[in-house]
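Notes follow once the structure below has been shown.
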Number of protein chains: 2
Amino acid sequence: MVQIPKEPAPPAPLQRSVPTSADVARLAGVSRATVSYVLNNTSAVRISEPTRRRVHEAAKELGYVPHAAARSLRAGHSRMVLMPTPNVPIGPLYSQFINDLQWALSRLDYTVVQYGGVGLRGDEAARAWAELRPVAVIVPGEGLGPQGVAILKRSGARAVVTLSPEPVEGAHVLLLDHGVVGESAGRHLVERGHRRIGVVVPEEPGLGVFSRPRLEGVRRAVRGTEATITELPLAYDEEAAGRLAARWRSLGLDAVFAYNDEYAMLVMRALRDVGVGVPDDTAVVGADDLMLGRLLRPRLSTVHIELPSGRDLAELVDRAVRDPAMVPTTHDVLGARIVHRESS
Amino acid sequence: MVQIPKEPAPPAPLQRSVPTSADVARLAGVSRATVSYVLNNTSAVRISEPTRRRVHEAAKELGYVPHAAARSLRAGHSRMVLMPTPNVPIGPLYSQFINDLQWALSRLDYTVVQYGGVGLRGDEAARAWAELRPVAVIVPGEGLGPQGVAILKRSGARAVVTLSPEPVEGAHVLLLDHGVVGESAGRHLVERGHRRIGVVVPEEPGLGVFSRPRLEGVRRAVRGTEATITELPLAYDEEAAGRLAARWRSLGLDAVFAYNDEYAMLVMRALRDVGVGVPDDTAVVGADDLMLGRLLRPRLSTVHIELPSGRDLAELVDRAVRDPAMVPTTHDVLGARIVHRESS
DNA sequence: TTGAAAGCGCTACCAT
DNA sequence: ATGGTAGCGCTTTCAA
């Protein structure tokens, strides 16, 4: 651990207080109203060029920066889109999505803010978000109930969107049903003649949100076939994988859906190390279509996931903000398709 | 691309306006002052139990949530710590660090907010942040100059901390000099007798912040030895790696520092595919000590990186906030040590 | 073209 | 124990 040294604090000069528009007005020799007109380019009012210049100079000289809270208090609304930061570790796929979303919302002139509420949950969290009076809230993942939605709306949020595994009353829901991921994998394995299918279920807490539906998806895919499913709880480390591999023959599986590409790499490695052939003895399928899958040998079969584009979501938010009468709906937005390579 | 359908907007009921403390006061039959005392548990004032109850009930019935902007406007300060979201894709290492930091700051009763300013740069960005009047600003990476620091401080930020590759006047700087990473790798390779060392430099824009110092670090490590450095620009895809591998023999290198573990995997795979032996023909060293390095065969030698703990940084921020007189200093906080496995 | 002033929601001082 | 009220920084009528 790298320590940040603690230093003794020598005395220092007092900080000048923060300049306000009144200070600018005083320095420019005009009223606060005029300052506001000039700095906001208010078109309904004509201000003479010399005055404009004086105001701008005064503002620059003082290092004036408007006070967002005061402004939105006065205006009665803000353009802040609040998005709680997920407290689960997220992959590159999701990061990219969030990035696109932020970019698109910025283009639409919203201020995007990720709120790091760690300990809070449920309505308590919703209340904390509501205190900031965001014009819209985008909640990734579960955890927001109808109550929470109500709290947010009562506090002025004109759009509440959740990216959730299940519908939420009152909110615009982008249904991210990971079942389709498992389904793709399961269908693929069944079609290729596999009958004893293992499904890796990560032991990491917080991954259950994804792993449970993926497992259910595989179950759905094999329904009506002779194939059977075996759950394989697994921690993301080599020893755990080694232990799993050691009892592999006794499990009698001919295929495994490894939750995602990273777990797939872990499993493939462990199987290799105990002499289980992939795909001949056991087929392996990952998910997420990460680069690493392409680099493995045999090349990893995987499920490619399509999230909605950040732009689409940004537009949904914008429409909902501009038309609060819009009735919230629930849409399936998770796409999944198998990418067949060499491991299956 | 998954499309989010656009729906026609039917008419809908008007939204009741947001309840304020005045509404609560009216409903409870008390003054706004009393409401404030009750809801904030003001210890300087005694409120009778029946009154408290009435206030709480009224607040709950109305779904009252205090208005953070109004509160901090009145108070003259907030407990918001603002952190611009990095617009470079960040790895698991850094994500973990940010998470820890958020957690630690929450424990200290700060509200952590990641600000998604995409298009802004330099002082423009600083001004946008300053509008929110955060009590502290933590800037990951370069891009904040002394000007920006001044803007933030003039706007009331009591602590400005940057995690930067180089010192910034006026700010508390946690120097993340990635040179030490390259140095560790370089020293290791030289000690093991390698003399013609390639250094992968990712072509991805935005990674230059890291790759340049890492390259310089390797240069530093070989200074005074007979070893030579060859820069190897490389995009993160298989074809590019294949092209690099194809001309590998002609490069005459006996070792390569691959920027990080992911690039190392890419390079190792490409070298393998053209029959270059690792480590016998060419040694490979990665960086970041990701799990995938342990799963490769040969196991990947890598540089383990130690970031400061989130807790330490949170404490630094807290101290700086409580004692604005504290003079800003610059500290090296990036630790690096070689993890020797099988690829070198 | 510019200024005076009200008021957004909240808290803290001073009365009662 | 409770209420009246000023004022945080800003925008926006309304007057001049």
Side-chain angles (χ1 to χ4, degrees), chain A residues 17-55 58-59 62-80 127 130-135 154-156, chain B residues 17-56 58-59 62-80 130-135 154-156:
Chain A
S17 74
V18 183
T20 72
S21 76
D23 296 320
V24 177
R26 203 158 21 241
L27 181 59
V30 299
S31 74
R32 279 152 60 229
T34 305
V35 171
S36 178
Y37 293 142
V38 171
L39 297 183
N40 295 313
N41 271 314
T42 308
S43 52
V45 170
R46 294 258 152 273
I47 303 286
S48 70
E49 205 43 56
T51 306
R52 305 185 79 84
R53 206 177 17 252
R54 286 219 313 286
V55 169
L62 293 176
Y64 170 72
V65 174
H67 192 307
R71 185 193 302 237
S72 69
L73 183 58
R74 165 68 219 221
H77 61 90
S78 74
R79 300 215 23 110
M80 186 201 305
R127 225 166 335 251
E131 290 194 3
L132 298 185
R133 296 290 190 276
V135 68
R154 293 185 81 79
S155 301
Chain B
S17 75
V18 183
T20 72
S21 75
D23 296 321
V24 177
R26 203 154 24 238
L27 181 58
V30 299
S31 73
R32 277 148 62 230
T34 305
V35 171
S36 176
Y37 293 143
V38 170
L39 297 183
N40 296 311
N41 271 314
T42 309
S43 51
V45 171
R46 294 259 151 272
I47 302 286
S48 70
E49 205 43 54
T51 305
R52 305 184 81 84
R53 206 178 15 255
R54 285 219 313 287
V55 170
H56 276 124
L62 293 176
Y64 170 72
V65 175
H67 192 307
R71 181 189 303 221
S72 69
L73 183 58
R74 166 67 221 226
H77 64 261
S78 74
R79 298 211 28 105
M80 186 201 304
E131 289 193 2
L132 297 185
R133 297 290 192 272
V135 68
R154 291 186 83 80
S155 301

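Both backbone and side-chain heavy atoms feed into the values below; hydrogens, waters and symmetry mates do not. Note on naming: letters A, B, ... go to the chains in the order of the sequence lines (proteins, then strands), and numbering restarts at 1 for each one.
Nearest nucleotide to the side chain of Tyr37(B), out of dG4(D), dC10(D), dT13(D): dG4(D).
Taking every heavy atom of both residues into account, Gly29(B) and Arg54(B) meet most closely at O-NH2, 4.0 Å. Across Asn40(A) and Arg71(A), no two heavy atoms sit closer than the pair OD1-NH1, 3.5 Å. Contact between Ala59(B) and Leu39(B) at its shortest, heavy atoms only, is CB-CD2, 4.4 Å. Here the shortest heavy-atom pairing between Tyr64(B) and Thr20(B) reads CE1-C, 3.5 Å. Nearest heavy-atom pair, Arg133(A) versus Pro19(B), reported as atom, atom and distance to 0.1 Å: NH2-O, 4.3 Å. Annotation for Val65(B) and Glu131(A): closest pair CG1-CG, 3.5 Å, computed over non-hydrogen atoms.
A 4.5 Å side-chain heavy-atom check between His67(A) and Leu73(B) finds at least one atom pair inside the cut-off.
The stretch residues 40-53 of chain A touches DNA chain C through Val45(A), Arg46(A), Ile47(A), Ser48(A), Thr51(A), each having a heavy atom within less than 4.0 Å of the strand. Against DNA chain D, the stretch residues 20-33 of chain A makes heavy-atom approaches under 4.0 Å through Thr20(A), Ser21(A), Arg32(A), Ala33(A).
Heavy-atom contacts of chain A under 4.0 Å fall on DNA chain C between two terminal nucleotides, which in 5' to 3' order are dT1(C) to dG9(C).
Tyr37(B) pairs with exactly one of Thr42(B), Val30(B), Thr51(B) by the side-chain contact (heavy atoms from CB on, under 4.5 Å) rule, that one being Thr42(B).
For Ser31(B) (side chain) and Thr34(B) (main-chain N/O), a donor-acceptor pair under 3.5 Å exists by modelled atom type. In terms of modelled atom types and a separation under 3.5 Å, the side chain of Arg52(B) and the main chain of Asn41(B) share no donor-acceptor contact.
The CZ-P distance, from Arg74(A) to dC10(D), rounds to 13 Å in whole Å. Look at CZ on Arg71(B): it is 17 Å from C1' on dG7(D), rounded to the nearest Å.
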